[in-house]
Amino acid sequence: VFLMSSTALAATGSMTPAFAQAAPESSLTLNVGAVNEYRYRGISQTRFDPALQGGADYADKSGLYLGVWGSSIKWIKDAGGDSNMEVDIYGGYKFTVGDIGYDVGFLRYEYSGNKLNPSANTNELYGAVTIGPTTVKYSQSTGNLFGFANSKGSSYLDMTATFDLGDGYTFAPHLGYQKVKGTDNAKYSYTDYALTLTK
């Protein structure tokens, strides 16, 4: 979403709109798996325990795409709520101008029946630019962010590069900054980073 080895880069919005490349033809792909931990924006969503995950993505040759992705979680119950599942629903449009790729879209994080007040359900708009191996993405919440009161307009800015090392190996350094808006929420803003080796 964005970690693809033992944790989950499925974590960046999940199997995710940020890093998928535009397909020359329309395609439908399915994914399912188990990870030893689901970590999102640097924070464990499963109390450092394993998670079951899966999703489906449709990419149209026009550049439009739609997807749904889900994972088991534990943080809602840890926060006093009543949900053990995250479901992400997203859609957007990808296009290129010259050698630069663009991606704009909408992402809904749904925690059905979470019973938190404010609700943990979150909507974000995002935009990403890819130049060579590097993608820079900006996401902004249209309402409260993951249950933080008065946090409308919170944002996440991240940069990820993907390098092909040959023999099936890729290396992906990542740096991100989560800004949580609101006078009482600013202390929860943080920076995360990762170095991911995938085969």
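Below, all heavy atoms of this structure are taken into account, side chains as well, without hydrogens, waters or symmetry copies. What you see is a predicted model; the values in this text were computed from it and never measured.
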Checklist outcome for this item: Tested for ring-ring contact (aromatic ring centres under 6.0 Å, His included) against Y38, the lone hit among F48, W69, W75 is W69
Next on the checklist: Using ring centroids (six-membered ring only for Trp), state whether Y109 and Y111 fall under 6.0 Å.
Outcome noted: no
Next on the checklist: For I131, give me all partners under side-chain contact (heavy atoms from CB on, under 4.5 Å), at least two apart in sequence or on another chain.
Outcome noted: I100, V129
Checklist entry - Are S72 and N84 close enough, and set up right, to give a side-chain hydrogen bond (donor to acceptor under 3.5 Å, both in side chains), and what steps lead you there? => result CA-CA 6 Å; S72 57; N84 58 8; over 6 Å; no
Item to check | Close side-chain approach of Y138 and S155, heavy atoms under 4.5 Å | outcome: yes
Item to check | R41 charged N/C atom sitting above Y156 aromatic ring, 6.0 Å / 45° | outcome: yes
Next on the checklist: What I want to check is whether the side chains of D192 and Y190 have a donor and an acceptor closer together than 3.5 Å.
Outcome noted: no
Item to check | Under 3.5 Å: donor-acceptor pair, side chain of T122, backbone of L145 | outcome: no
Item to check | All side-chain contact (heavy atoms from CB on, under 4.5 Å) counterparts of D184, not counting sequence neighbours | outcome: none
Checklist entry - Are a donor atom and an acceptor atom from the side chains of Y65 and D103 found within less than 3.5 Å of each other? => result yes
Checklist entry - With a cut-off of under 6.0 Å to the ring centre and 45° to the axis, is K137 in cation-pi contact with Y126? => result yes
Next on the checklist: Under the criterion salt bridge (charged side-chain N to carboxylate O under 4.0 Å, His left out), I'd like the reasoning laid out for K74 against D49: C-alpha separation, chi angles, the key distance, then a yes or no.
Outcome noted: CA-CA 9 Å; K74 293 186 176 179; D49 288 335; 2.5 Å; yes
